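To keep things clear, I will list the structure first and then write my remarks on it.
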Amino acid sequence: MIHLPITNASERTFKADPDNAPVTDLREELFQLEREGELEVIRVPDNHVELMTKYGRMKKIPIDKTWHHKSCGQCGHIPGYSTSIFWLNRQFGLDYYDPTDQTSCTSWNYYASATSNPEAQAAVAVRNFAAAAEVGYFPLIHCGTSFGHYKEVRHALVHQHDLRRKVKKIMERLGKKLVIPEEIVHYSEWVLAMKDRIAERQVIDMSNITATVHPACHYHKLIEEDAIYDSEIYGAQRTAIVTGTLQALGINVGDYSSWYDCCGFGFRHILVSRDFSRSFSVQRKIEVMKEEVNPDVTVTHDTGCVTTLDQSQFAARAHDRNVGIPVMADSQMAALAMGAHPYKVLQLHWHNTDNKPFLRKLGFDVEKVWAEFQEEVDKIKSGEKEFMTWEDADKNLKK
Amino acid sequence: MANENILIIGGGPTGLEAARGIAELGYQVILAEKRDKMGGTPVSAGYAALTPDMRDAGEAMQEMVGAVENNPDIKIMLNTEITGSAGETGNFKISAKSNGNDMEFDAGAVIIATGFSHFDPGRETQKYGYYEHDDVITIVDAEKLLKAGNFVRPSTGEKPNRVAFIQCVGSRDRQIGNEYCSKVCCGITSKQAIEVRELLPGCKVFIFYIDMRMYGYWENEIYWPAQEKHKVNYIKGMATEIIKKGDGLLVKGEDTTMRRPMEIPMDMVILAVGMEPSEGTKQVADIFGVTKNKFGFIETIGGALNTVSTNVEGVFAAGACTGPSDLEDCISAAGAAAMKSISAIRKSAVTA
């Protein structure tokens, strides 16, 4: 034991002070604009919990009455990601809405410098918000890109009268109102808010698992005051998102030196400079994790991050690089912990990097669970059924 | 009849010097200090040596305290916080809580000398890891280690081989709203760098800076000796992040002279935290209705020619409660506030 006249890091407690925040509370301005008749605010439903944000303000996270703004990339490349979110909602018997009239946020093109203008961007966002408000639900954003973009759009709409006027006009032509949510909420915040309830129903022991976490840039670097922090996690010096969830599941979260770096996706880079994206992902993220932590899995919370970290490893593997870390979303980890089927619900067969050793370490008989999935697929192939149902998914539910 | 007591709030260097001066001029002082001992931040934070003359800080503060203790013209009230004020110059009615008891007394004039707080590096938007890594400390912590003569890595207890100082943590930073230079950190850092090199001759010491701001004679007294005699390395560049790497730390940032990113391994990192108004300063300013500037420091209204008068007649402010100040500034302002407060009482007596 070293006795020094100073405290060590574990004894230092950072207390964020909202009165000293370097930015104003956008919600106050939002409500003021509502009082002035400029817009309508979609209130967070009564059933919500409050989590602390970067500068100490509390953010309301809805538990139910959520309108699920899905992700193009998730649905297209890793569908088990969003299926896991819905599966969790159903397990808790929560009232949620899976809309069929939601559009893409179009922000990937925007961030890739490819298209659009502020009015169009904001109008797309508000049209989706309005669709949620019309059915009486609150938007829950699955995609990190959409989440970051909607936060920027909300910021712009609050501060630019001219933009509000133009968007209002577009909305009028669509027969919709200019509505803005009280909070922009990412699904991973919902998972974090639910972590203790998830842990209470955990059936898979994960205490032998070591994970690394990649926080999505669009989550904690854009409108950074809106991201969730916790004085118990990283001393409130980094976002608590994902890490808080994994720790609640008993997982050991290992730290690595390039945690702050982008996953490699980079929006524009993945489109126009894909080799750079792949190399960055492997060399700055995966290999660093391997060298410093050698985790069983790396967990993140955004479409682009999961796909880039996962799908960049195959080429590196061909070159005998030090890779081979399965990549999953926090929703998949939470669902798996509660007994969700690795293939019917998590749909891990869509993931590129070999995740079988990880599943085996958790005690799964991989061949058996694959056969269970294959049995359902065969029924669809034979025409016995058109698609798999929730009941099919839960037929082999671990309890 | 004007009351000839002058209330001084704060028993740090500024308050002590103002009290000494006022008593010497034959007026009565009530010195209210919220802590249980006097000496202010140099004592409470355990400063080792003063900048730039390297004098033992404890010894210097004891000398200042000795000059007011047992002085029949100075009533010292420890554990005392001011809770209210009414009246005007020559006749302020002061409310206070002293050792848990409510009390009231009169004063003819008031000097606020409530000092500053060290910036909390947890608020820094750059990733300096103060709350994550034992071996990331502040210059306040470093003073304590140096004072103890035991400058070691907190994580291991071993002597460090490579130490980095990072300047302007919480100062000159628009992102967090502190758009001011804290004035003393460059000097203190250079002084500490010299002390580390003297204590551990084998240890390499680096200072990462935006600009080194060496006021007056500090240039010759500490800046050049640090480089020429003690071989301290000054690197112009911004550190953006400090992370754990193996058993040590890795400082990431940009070397702006070489125009390239840098990643440099270190054993210890010392954050040169700047000054912010103390909570006491903000509270007392509100009690007396004194205007604060946008940073929360007390605003003086006389420009360069009057550095202690506030918008409230008969209430003066001196030292680091008015903005970043070094010890010389504080002592000079204390003298000015002593003179102005006596002058205010005398004028009030003439017009009464």
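Letters A, B, ... are given to chains in the order of the sequence lines, protein chains preceding strands, and every chain is numbered from 1. Note that the structure is a prediction, hence the values are computed from the model and not measured. Side-chain atoms are counted along with the backbone in the values below, which use heavy atoms only and exclude waters and symmetry mates.
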Quiz item: Tell me, do A:R27 and A:R57 make a side-chain contact under 4.5 Å, heavy atoms counted?
Solution: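 The answer is yes; the side chains approach within 4.5 Å.
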Do [X] and [Y] have side-chain N/O donor and acceptor atoms under 3.5 Å apart?
X: B:D120; Y: B:Y131; value: yes
X: A:T239; Y: A:H220; value: no
X: A:Y55; Y: A:E224; value: yes
X: B:N178; Y: B:E276; value: yes

Counting only heavy atoms closer than 4.5 Å, note whether [X] contacts chain A via side chain, backbone, both or neither.
X: B:K252; result: side chain
X: B:E158; result: neither
X: B:K244; result: backbone
X: B:T138; result: neither

Quiz item: What option among B:I176, B:N150, B:L145 has the most heavy-atom pairs under 4.5 Å with chain A?
Solution: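 Heavy-atom pairs under 4.5 Å are most numerous for B:L145.
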Exercise. State plainly whether the residues A:K290 and A:E287 are in salt-bridge range, i.e. N to O under 4.0 Å.
Key: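 No.
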Taking every heavy-atom pair that is under 4.5 Å apart, which of [options] has the most such pairs with chain B?
options: A:E11, A:R12, A:Q237; value: A:R12
options: A:D255, A:V23, A:N20; value: A:N20
options: A:P5, A:P22, A:A16; value: A:P5
options: A:A21, A:S231, A:S258, A:A9; value: A:A9

Quiz item: So among A:K285, A:E291, A:E292, which one has a side-chain hydrogen bond (donor to acceptor under 3.5 Å, both in side chains) with A:Y256?
Solution: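 With A:Y256 as partner, side-chain hydrogen bond (donor to acceptor under 3.5 Å, both in side chains) holds for just one option, A:K285.
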